[in-house]
Amino acid sequence: MSVWAVLAAAGRGERLGRLPDSAAGQSPAARANPDRPKAFVQLRGRPLLAESLERLEGSGWIDAIVVVAPPDWEEPVILLAEELGCGKVVAAVAGGASRAESVRIGVREVAEDAAVILVHDAARPLVSDEVIERLLAALNDGSDGAIPGLPLADTVKRVRDGAVVETLARDELTAVQTPQAFVASVLRDAVASGREATDCSALVELRGGIVRVVEGDARLLKVTTAADLALVESWLDADA
Ligand code: CTP
Ligand code: MG
């Protein structure tokens, strides 16, 4: 059974903005370069992408990796993969205008005989083998997809024009992360719809697919703001 990873790294990182000078690592000027897409901002002196790429490469569960790169950054992605000795990287392709489009482009590069496709956000650097193992176990139990989720700490309300419309039952809510794993044929069909969604599971759900939720990991935090980047960096520093 071959498992392919599609690493979505084509986003611009608009919300990351300029990084604080106090951030550790490279010179502040280099880190704060506004022309640098999020996958190439520095995390402990390396491009953010390096962390997830190296972890997927090192996973015994993953056979091949497709990186969806920011447009015009395919070459630096290939060079980074070579530098890190990531021999599982078979393609670096330019992404599209949205995450869904980028995933669609990446999935096209996956071999016909792949059994499972695992889609991961490069913006979540701390992917672990434990999570991947839980996802694949859930797929083996017969679901179309498996995704990591965590319970919410906050109460969530539906709000319209600044007024509360409804309070949602928190015990039914789950915050969902990546990596997300799918039976390859199911994901191919789902992305072919051309619809937009903020995760792949939503596209599979729309087609009636059965998606199981496994235990997620707080360390799979998505780096959105400069504060998130500093937090992930502090976790890595503590581990070092
Ligand atoms: N992504 C992508 N292609 C896009 C947009 C996003 O591959 N056109 C990827 C990002 O690289 C990221 C993941 O999808 O790994 C989640 O997106 P997000 O955290 O929103 O990253 P950005 O879109 O880069 O950030 P922002 O929304 O702040 O610009
Ligand atoms: Mg985005």
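Just so it is clear, the structure is predicted and the values come from calculations on it, not from any experiment.
Partners of Asn140 according to the side chain to side chain contact (heavy atoms under 4.5 Å, CB included) rule, which considers only residues two or more places apart in sequence or in another chain, do not exist here. Considering only residues two or more places apart in sequence or on other chains, Thr224 meets the side chain to side chain contact (heavy atoms under 4.5 Å, CB included) condition with Arg15, Lys222, Asp228. Remark: Ser201 pairs with Glu205 by the side chain to side chain donor-acceptor pair (under 3.5 Å) rule, at least two apart or across chains. Remark: Ser234 engages Leu231 in a side chain to side chain contact (heavy atoms under 4.5 Å, CB included) (not counting sequence neighbours). Partners of Glu215 under the side chain to side chain donor-acceptor pair (under 3.5 Å) rule, at least two apart in sequence or in another chain, do not exist in this structure.
Other residues sharing the hydrophobic cluster of Leu168, ordered by chain and number and joined by side-chain separations under 4.5 Å: Leu152, Val156, Leu173.
Each salt bridge (Lys or Arg N to Asp or Glu O under 4.0 Å) pair with one or both residues in residues 108-119, not counting sequence neighbours, would appear here, but there are none. Applying the salt bridge (Lys or Arg N to Asp or Glu O under 4.0 Å) test to residues at least two apart or on different chains, the pairs with a partner in residues 94-103 are Arg99-Asp121. For the salt bridge (Lys or Arg N to Asp or Glu O under 4.0 Å) condition, the pairs that include at least one residue of residues 147-165, sequence neighbours left out, are Arg158-Glu166. Contacts classified as salt bridge (Lys or Arg N to Asp or Glu O under 4.0 Å) and involving residues 179-204 (residues at least two apart or in different chains) are not found.
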Check residues 82-92 and write down every donor-acceptor pair under 3.5 Å in which the side-chain atom is one partner and the other belongs to a residue at least two apart or another chain.
unit_1	atom_1	unit_2	atom_2	d
Lys88	NZ	Glu57	O	2.7
Lys88	NZ	Ser59	O	2.8
Lys88	NZ	Ile62	O	2.8

Name every donor-acceptor pair, under 3.5 Å, that has one atom in a side chain of residues 63-74 and the other anywhere in the protein, sequence neighbours excluded.
unit_1	atom_1	unit_2	atom_2	d
Asp63	OD2	Val3	N	2.7
Glu74	OE1	Asp72	N	2.9

